[in-house]
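Report on the structure given below.
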There are 2 protein chains.
Amino acid sequence: MNMSDTGLQKHVLDRVCLAKEASRFLAGISTQDKNEALQRMAQALWDNRQQILDANRVDIEDAEKSGDPASRIDRLLLDTQRVEAMMKGLYQIMELPDPIGETLETAVLQNELRVEKRRVPLGVIAMIYESRPNVTVDAVGLTLKTGNAVVLRGGKESLRSNQALVDALQLGLRKSRVPVDSIQFVNRVDREAVDILIQARGLVDLAIPRGGAGLIGRVIQGACVPVIETGVGNCHIYVDADADLAKALSIILNAKTQRPSVCNAAETLLVHEAVADEWLPVAISNLLQHDVEIRGCPQTEALARQSGAPNRLVRAASEEDWATEFLAPILAIKVVKSADEAIRHITHYGTQHSEAIVTENVAVAEDFLSRVDAAVVYHNASTRFTDGFEFGFGAEIGISTQKLHARGPMGLRELTSYQYVVRGNGQVRQ
Amino acid sequence: MNMSDTGLQKHVLDRVCLAKEASRFLAGISTQDKNEALQRMAQALWDNRQQILDANRVDIEDAEKSGDPASRIDRLLLDTQRVEAMMKGLYQIMELPDPIGETLETAVLQNELRVEKRRVPLGVIAMIYESRPNVTVDAVGLTLKTGNAVVLRGGKESLRSNQALVDALQLGLRKSRVPVDSIQFVNRVDREAVDILIQARGLVDLAIPRGGAGLIGRVIQGACVPVIETGVGNCHIYVDADADLAKALSIILNAKTQRPSVCNAAETLLVHEAVADEWLPVAISNLLQHDVEIRGCPQTEALARQSGAPNRLVRAASEEDWATEFLAPILAIKVVKSADEAIRHITHYGTQHSEAIVTENVAVAEDFLSRVDAAVVYHNASTRFTDGFEFGFGAEIGISTQKLHARGPMGLRELTSYQYVVRGNGQVRQ
């Protein structure tokens, strides 16, 4: 390791160690003190909004010089309204009940040992993310409310914005009883900083990657600390032979077009052959009105062309299309012979995120719901509801697509662990 | 990759894929069918005990030839009684309630979506373990009861015993409705087989290493599938100024001597200076009667020598001793100035497994219980109770020392995940 590597290692590990130290203090802090800290941080964001917007302008100018696409620049952009939204987010987290200290279970064993299972913080959470600066504020609010310290490592494109946000949040913390070291920011853009963070076994209790498949894959491959895999959603809507076709139409339009760039948007539509000839042309012409590109199986492609779809919006689906999370107004469509074929297609190509069936046949629906292996399975509803706020958690730090610890939308409780507290009067084991 | 690597990769991945396929079927199987399978497997173990003992004899002979220590050979040894114990273990798992399908929570959202949080299997669990062949049977029983498929990778020293056990269990499964592919056995001893298993992202839902620190570290460093870290226990007993000294004596004797080779045995005794002169000589002479070697701080060492301890059983503790899980009749002892110093010592050297305080002072006890970061914290009881059976889980697949997903003893529930099932009538997101 050369000198600069050593310097980087020290920079990152110093931050992790400070977070660990702060986390020991945070675990015992009262709800009132945590809420006061949230309030102080919200106020500090607002008071320092000019510095934040100035820093953001430099990030935006750099992104424009690099020729970043408009969608990416929009994700990066902050304005007064967005700073206000971040501030309000912290106030919302303040209002949520504090999960820490909750007694989850109690038992008195035969030997009279009293066992209490108590909810406690995880400790130190490393957030590794890209692009949107609001993740910085969300992550700080959610981890602090749950008594965790956080080490933030945002994308290099938002480095100055994130630094300004962290500066403001730390100014707020200084006016509270929560240690300022509870928020640590890795301000080095080297990719190796991520590697050091996710190798810090015994110091980082959880790493959460949020961003594209590349970032997530890199964290999962390189980590030796526990990780929660988030986000990739190749979601399907299956329209059954017994579907209410009006419901099916509004569900696929919502799931595909309401916000195509998010992980709970639909990417593939599967249609039972019994309703394909009647319904697909209607569905396709509605999708085309929203400028959705169709990548279809042969039957779909033929139906689309008969509907008079322009060439630029229709093509044959490739094998790769079935496996792709487009995050764009593109929809793969396949006609299937049965619900069973739909389930097998989803099993093969899905990412265990959100999957829906549209049918009035309850038996078929229940079979789908019990056999499809995804974080959230839907009967007659849009996949777009997979979201911590929609689920009533009042917050969301990400959507887990793994099965260990948390699955689907993650709110406050998913940022906690538990501990057994055992009280005795001298018991020893026989 | 050379030809033999390719062959190994195929061997391991074929087994993982078969397990994945079986897991899809297993997730929907009834409790009755799973219990029948457990019963058939138990019977098959008994019916095939001669083949199992014959295979074990070959493993034992090899171990003896290699000059393995007696303790290791004892762990490896099977006899009729131990086979009977394994059989009874399966019957016990049969009697336990089936956690799968349980509704954990329900909610009706404002838009009338009905959300059910339902307990489901994890999918495919990879067990990577050493030495004791009974882990093979325990792991199969617990994973099958929870609707998971299992891929077993035992140690090379027990290869033939494990193969014979798996053969018998699969014979049992063939007489049941559970697919025989639910149990997969990696019978290649190459260390690379473990690497392939823990890199099988998307196929293995959880890897559980059970064994020495070397095995566990290797799995954690190399895995890109979710892992639960188990087992290393550098456990402390802190005897406070306000301790009931009779309780303290029976607790340290139990925690150190009842079974020194297990992870919940005590490795370090911390004693408040206010009671050290009075109590430590008594404690030390009792420990010496059990042939426990003392590695002490200067004050402890002096007191031990004054108690007439033989030289072979007393020495000064090194820095390394405070951090060592001896798993043997050796105890590190340190006199501390305060409960706070004890907590700081535990924070520095502990492994977040099991930690105990002995005191009649409730305030000091509660402070200890809330500040010590370990899976199980005890007041006036032996650390030896950290165990799935003692906790009333009716089973145990290991003891987690991480905070993600499961902490402390892991029973059936800790081998499950959950899924959100959402039922609507055409809802779309606004």
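Neither the backbone nor the side chain of A:A107 has a heavy atom closer than 4.5 Å to any heavy atom of chain B. For a residue to count as touching a neighbouring chain, one of its non-hydrogen atoms must lie under 4.5 Å from one of that chain's; by this rule A:R118 touches chain B with the side chain only. Neither the backbone nor the side chain of A:E116 comes within contact range of chain B; no heavy atoms are under 4.5 Å apart. Both the backbone and the side chain of A:L369 have a heavy atom closer than 4.5 Å to some heavy atom of chain B.
Interatomic distance, CD of B:Q402 versus OG of A:S417, reported as 9.0 Å (0.5 Å rounding). Note that the NZ atom of B:K117 and the CZ atom of A:R407 stand 12.0 Å from one another [nearest 0.5 Å]. Going from atom CD of B:E105 over to atom CZ of A:F391 covers 11.5 Å, rounded to the nearest 0.5 Å. We find the CG-NE2 distance between B:N425 and A:H379 to be 9.5 Å, quoted to the nearest 0.5 Å.
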Hey, mind stepping through A:V376 and B:Q419 against side-chain contact (heavy atoms from CB on, under 4.5 Å) and telling me if it holds?
CA-CA 6 Å; A:V376 192; B:Q419 178 181 45; over 6 Å; no
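Two residues are said to be in side-chain contact when any heavy atoms from C-beta on lie closer than 4.5 Å; A:I228 and B:L404 meet this criterion. Residues B:L206 and A:K403 have side chains not in contact (no heavy-atom distance under 4.5 Å, counting atoms from C-beta outward). B:L109 has its side chain out of reach of A:F385: every pair of non-hydrogen atoms, C-beta onward, lies at least 4.5 Å apart. Inter-residue side-chain proximity for A:R423 and B:E366 is flagged as met; some heavy-atom pair is nearer than 4.5 Å. Counting heavy atoms from C-beta outward, A:I220 and B:R201 have side chains that approach closer than 4.5 Å. Counting only heavy atoms from C-beta outward, the side chains of B:V377 and A:Y420 never approach each other to under 4.5 Å. Annotation: side chain of A:E390 is in contact with side chain of B:R429 (closest heavy-atom distance under 4.5 Å).
The two residues B:G426 and A:S250 have their closest heavy-atom pair at O-OG, 4.2 Å. Heavy-atom minimum distance, A:A381 versus B:L113: CB-CD2, 3.6 Å.
In B:F393, the CZ atom is crowded: over 12 heavy atoms of neighbouring residues, nucleotides or ligands sit closer than 6.0 Å. Few gaps surround OH on A:Y349; more than 12 heavy atoms of other groups in view lie less than 6.0 Å from it. Heavy-atom neighbours of B:E112 CD from other residues, nucleotides or ligands within 6.0 Å: at or below the threshold of 12. Atom CD of A:Q199 sits in a crowded spot, with more than 12 heavy atoms from other residues, nucleotides or ligands closer than 6.0 Å.
Chosen from A:P226, A:A375, A:G408, A:S382, the residue pairing most often with chain B at heavy-atom distances under 4.5 Å is A:A375.
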